Q: 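Got a structure for you, questions after.
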Protein chains: 2
Amino acid sequence: MVTIADVARHAGVAASTVSYVLSGKRSISSDTRERVQRSVRALGYRPNASARALASQRSNVLALVIPLRTGMHVPVMMQFAAAVVTTARRYDHDVLLLTADEGPEGLQRVAQSSLVDALVVMDVELDDERVPVLRELPMPSVLIGYPADSEGLTCIDLDFVAAGARCVDHLADLGHRSMALLGTPSAVYERQTGFAQRTLTGFAEAAGQRGVVGVETPCEHTFAAVLGTVERLLHDHPDLTGLVVQNEPIIGPLLDVLRRLGRRVPEDMSLVAICADDVAERQVPQLSSVTIPAERIGALAVESLITKLSGAEAPELTLLPPEFTARGSSGRADDSDTTTGQGERTVDRRA
Amino acid sequence: MVTIADVARHAGVAASTVSYVLSGKRSISSDTRERVQRSVRALGYRPNASARALASQRSNVLALVIPLRTGMHVPVMMQFAAAVVTTARRYDHDVLLLTADEGPEGLQRVAQSSLVDALVVMDVELDDERVPVLRELPMPSVLIGYPADSEGLTCIDLDFVAAGARCVDHLADLGHRSMALLGTPSAVYERQTGFAQRTLTGFAEAAGQRGVVGVETPCEHTFAAVLGTVERLLHDHPDLTGLVVQNEPIIGPLLDVLRRLGRRVPEDMSLVAICADDVAERQVPQLSSVTIPAERIGALAVESLITKLSGAEAPELTLLPPEFTARGSSGRADDSDTTTGQGERTVDRRA
DNA sequence: GTGAAAGCGCTAACAA
DNA sequence: TTGTTAGCGCTTTCAC
């Protein structure tokens with residue numbers, strides 16, 4: 001293994017000089033700098049990560065705590081993770097992968113052993129047992145999603161309340177008077193997952209404000225569940241003409257079910273989803289949707305951590321305003337063969 | 001921060017004694033051991049990871065290199081990753097997440113800086129530029145999938161050749177004489193990805209051996225692509241009665257397309273998939289399938305690395321025999337209202 | 001069965 | 001602008 005001493009000897013300088021050339025933390029004459037850089041390349045030197053971490057009290061590693069539970073939407077998780085890793089690398093950091101089932105103890109383990117410098121925690125519940133632990137930890141963290149009390153934390157999330165409301169508004173603007181929210185599996189609500197609850201809140205509030213009927217129901221991921229749920233909805237609410245879906249895996253089956261039941265989209269039933277853009281665009285017809293900005297949230301999370309690691313402050317709660325795109329799946333309630341969709345995107349200014 | 005010196009002082013012993021109590025690398029009188037353990041708990045001591053890594057030349061971290069490219073099947077990746085992390089934790093290791101787009105340089109970076117002790121590399125191509133790098137690296141690695149030349153490596157994979165053949169055999173056993181392989185998007189084949197190529201090989205060979213017609217086609221992930229591909233297949237091969245699918249995201253759309261085209265499954269068209277069990281079971285009808293044992297492969301990969309880290313040898317190439325489960329989606333070619341499926345599972349003994 | 005002490009390879013005062 | 005040196009917190013030899 002090539003050490004900094006080898007490089008120093010090869011370049012005829014002190015080890016500290018090599019260190020300073022590499023870190024740029026003090027000015028070096030261009031002559032020595034070049035000699036050192038040549039030696040580094042000639043010997044193929046790579047600083048030893050542990051030695052560096054031990055001496056500098058910084059591992060340059062971020063922890064990413066990812067859920068692997070039931071009901072979570074996998075592709076979105078991957079997008080998050082990819083964005084976190086990519087952004088971390090841009091700031092010269094690596095990412096240690098933890099699963100949520102290590103629990104609060106896992107956070108303490110990697111933090112207190114100085115394995116990582118900071119943490120990104122995904123899928124935060126309203127009353128999350130990891131939150132008090134994070135508050136006490138001697139290092140910065142960022143939550144994706146946010147608990148009931150976000151004081152003293154740094155949280156980033158899509159504004160799901162506004163997203164739910166945005167969907168209602170879109171449908172109400174098109175003249176729909178009766179609509180339903182097809183949500184995540186009930187297990188997700190029972191875990192008190194923030195995003196599911198908040199969408200529901202936004203949906204219900206907006207329905208009240210707009211004076212339209214808004215019913216809500218969870219839905220499991222099986223075809224049978226989708227069929228059963230939709231049949232029940234249509235039976236209980238025969239005048240239902242609008243559907244808001246926050247449950248990515250059932251989107252395909254849902255379109256299929258509607259077809260089977262003889263409801264055309266958008267002529268007989270308007271559909272709005274809260275999902276990734278590529279999923280919305282892959283359907284037939286393409287879905288009007290509020291996008292889930294996984295990449296932006298992941299990148300923002302890492303950037304907040306880097307900010308905090310540099311000693312600066314980061315905002316307590318960052319809610320991204322929902323971006324709505326009208327596509328072919330939603331149309332006027334009273335006009336059974338017109339669609340809205342030209343793909344224009346709007347940003348909710350209320351957030 | 002609590003250091004080993006603090007613990008030593010608190011327990012009235014030398015630092016080395018604390019170290020030995022923790023590692024169990026030499027015998028300690030039960031008296032001192034208990035006193036030390038009490039002090040560890042009382043002070044909430046956690047060994048510093050970098051110091052330990054520096055002194056012991058072992059970081060206890062494994063690198064996991066995961067692809068985030070187009071055409072890759074996301075849920076399976078997550079299952080792999082989850083299994084790798086969970087298994088690594090069982091052996092007291094952590095997992096550093098790298099994306100494949102860091103390339104060979106990324107492997108060198110984490111290996112030569114001693115950030116990690118070993119690597120798991122996923123989604124290996126037949127002629128993968130990372131393979132020569134891995135061969136030179138001063139630490140063990142395991143590949144998921146395998147290149148054309150696996151000499152001197154440790155590779156683990158499902159036996160996709162046997163899997164492709166198994167699907168053909170199942171359909172041929174049911175009397176089907178003309179079948180098609182609906183594969184991954186063409187980009188995956190163009191990247192010379194091993195699993196796609198090998199399934200194709202197994203499919204073609206078995207079709208030849210069984211004397212049945214076997215045609216192959218890639219298929220993109222859009223609904224339109226599925227519809228177009230199936231229409232073309234049916235047009236070019238009007239007697240087609242069997243379909244083998246190796247492309248998880250199109251499974252839902254495919255069932256839908258067949259329904260639209262008036263082909264009942266399994267009465268008019270038998271379907272066999274190569275996919276995760278839960279995906280197969282979620283469909284209507286449930287799909288006969290060869291499972292992708294992501295969890296087992298992930299766990300095996302980590303265990304091989306742990307073995308190699310302990311200085312022992314690991315086999316060059318481990319191919320898991322395909323496990324086939326007959327479900328409701330496949331039936332006799334000549335008997336348009338019988339299905340095979342009682343869920344019995346068979347293991348291909350040829351592998 | 002236990003302790004003392006020498007590093008592991010690097011960073012960052014402190015000196016010059 | 002550069003060099004000297006004292007750690008960072010742990011493991012592991014060596015000595016008893």
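Each chain gets a letter, A, B and so on, in the order the sequences are listed, and its residues count up from 1. What you see is a predicted model; the values in this text were computed from it and never measured.
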Q: I'd like to know if A/E303 pairs up with A/R90 as an ion pair, taking the criterion as any Lys NZ or Arg NE/NH1/NH2 lying under 4.0 Å from an Asp or Glu carboxylate oxygen.
A: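 Looking at A/E303 and A/R90, the cut-off is met.
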Q: Closest approach to the side chain of B/P47, judged atom by atom: which nucleotide of D/dT2, D/dT12, D/dC10 is it?
A: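 Between D/dT2, D/dT12, D/dC10, the one nearest the side chain of B/P47 would be D/dC10.
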Q: Can B/R135 and B/D149 be counted as an ion pair, charged N to O under 4.0 angstrom?
A: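 Yes.
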Q: Rounding to a whole Å, what distance do you find between B/N48:CG and C/dC8:P?
A: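 In whole Å, C/dC8 P and B/N48 CG are 18 Å from each other.
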Q: Starting at atom CG of A/L54, determine the distance to atom P of D/dA6, rounded to an integer number of angstrom.
A: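 Taking CG of A/L54 and P of D/dA6, I get 17 Å after rounding.
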Q: Can you tell me the distance, in whole Å, between the NZ atom of A/K25 and the C1' atom of C/dT11?
A: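 From A/K25 NZ to C/dT11 C1': 7 Å.
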Q: I need the CZ-P distance between A/R52 and D/dC10, as an integer number of Å.
A: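 Distance check: A/R52 CZ to D/dC10 P gives 21 Å.
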Q: Taking atom P of D/dG9 as reference, at what distance in whole Å does atom CE of B/M1 sit?
A: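 Roughly 6 Å, once rounded to whole Å.
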Q: Starting the side chain at C-beta, find the nucleotide from C/dG9, C/dT2, D/dT12 nearest to A/A51.
A: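 Of the options given, the side chain of A/A51 lies nearest C/dG9.
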Q: Could you tell me which non-hydrogen atom of B/A88 sits nearest to which non-hydrogen atom of B/V95, and how far apart they are?
A: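 Taking B/A88 first and B/V95 second, the nearest heavy atoms are CB-CG2, 3.7 Å.
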Q: Tell me which of B/R33 and A/L22 sits closer to the 5' end of DNA chain C, going by the nucleotide each one is nearest to.
A: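 Whichever sits nearer the 5' end wins; that is B/R33.
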Q: Taking OP1 and OP2 of C/dT2, is either one under 4.0 Å from a side-chain nitrogen or oxygen of B/S29?
A: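 Yes.
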Q: Looking at the side chain of A/Q57, which of D/dT12, D/dG9, C/dG9 is the nearest nucleotide?
A: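 Out of D/dT12, D/dG9, C/dG9, the nucleotide with an atom closest to A/Q57's side chain is D/dG9.
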Q: Kindly indicate whether the side chain of A/R26 and the base of D/dT1 share any N or O donor-acceptor pair separated by less than 3.5 Å?
A: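 Between D/dT1 and A/R26, which were checked side chain against base, a qualifying N/O pair under 3.5 Å is absent.
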Q: Consider the side chain of A/A14, meaning its heavy atoms from C-beta on, and name the nucleotide among D/dG9, C/dC10, D/dG3 that approaches it most closely.
A: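 Closest nucleotide among those given: D/dG3.
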Q: State which of C/dA12, D/dT11, C/dG3 makes the closest approach to the side chain of B/V13.
A: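 When the side chain of B/V13 is considered, C/dG3 is the closest of C/dA12, D/dT11, C/dG3.
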Q: Under 4.0 Å: is that the gap between some side-chain N or O of B/Y45 and OP1 or OP2 of D/dC10?
A: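 For D/dC10, OP1 or OP2 has a side-chain N or O of B/Y45 closer than 4.0 Å.
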Q: Thinking salt bridges, do B/E313 and B/K308 make one under a 4.0 Å N-O criterion?
A: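 Judged by the 4.0 Å cut-off on N to carboxylate O distance, B/E313 and B/K308 do not form a salt bridge.
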Q: Consider only side-chain N and O atoms of A/S19 and A/S16, and report whether a donor and an acceptor are under 3.5 Å apart.
A: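 No - no donor-acceptor pair under 3.5 Å links their side chains.
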Q: Between C/dG7, C/dG3, C/dG9, which one does the side chain of B/T17 approach most closely?
A: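 Closest of the options to the side chain of B/T17: C/dG3.
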Q: Take the protein atom OH of A/Y20 and the nucleotide atom P of D/dT1, then report the distance between them rounded to whole Å.
A: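 Taking atom P of D/dT1 as the reference, OH of A/Y20 is at 13 Å.
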Q: Check whether any side-chain N or O of A/S114 sits under 4.0 Å from OP1 or OP2 of D/dG9, and answer yes or no.
A: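 So the side-chain polar atoms of A/S114 never come under 4.0 Å of the phosphate oxygens OP1 or OP2 of D/dG9.
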Q: Quick check: any donor-acceptor pair below 3.5 Å linking the side-chain of B/S16 to the base of C/dA4?
A: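 Yes, the side chain and the base share a sub-3.5 Å donor-acceptor pair.
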Q: For B/Q112 and C/dG9, give me the distance from atom CD to atom P, rounded to whole Å.
A: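 To the nearest whole Å, that distance equals 15 Å.
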Q: Looking at A/T3, A/D6, A/V13, which hits side-chain contact (heavy atoms from CB on, under 4.5 Å) with A/V18?
A: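 With A/V18 as partner, A/T3, A/D6, A/V13 yield a single side-chain contact (heavy atoms from CB on, under 4.5 Å), made by A/V13.
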Q: Calculate the interatomic distance between A/I4 atom CD1 and D/dG3 atom P; express it in whole Å.
A: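 It is 12 Å, rounded to the nearest whole Å.
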Q: Select base, sugar-phosphate, or nothing to describe what B/S19 touches, counting heavy atoms under 4.0 Å on all strands.
A: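 Base: the residue B/S19, judged by heavy atoms under 4.0 Å, touches a nucleobase.
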Q: Nearest to the B/T32 side chain among C/dG9, D/dT11, C/dT2, which nucleotide is it?
A: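 Of the candidates, C/dT2 comes closest.
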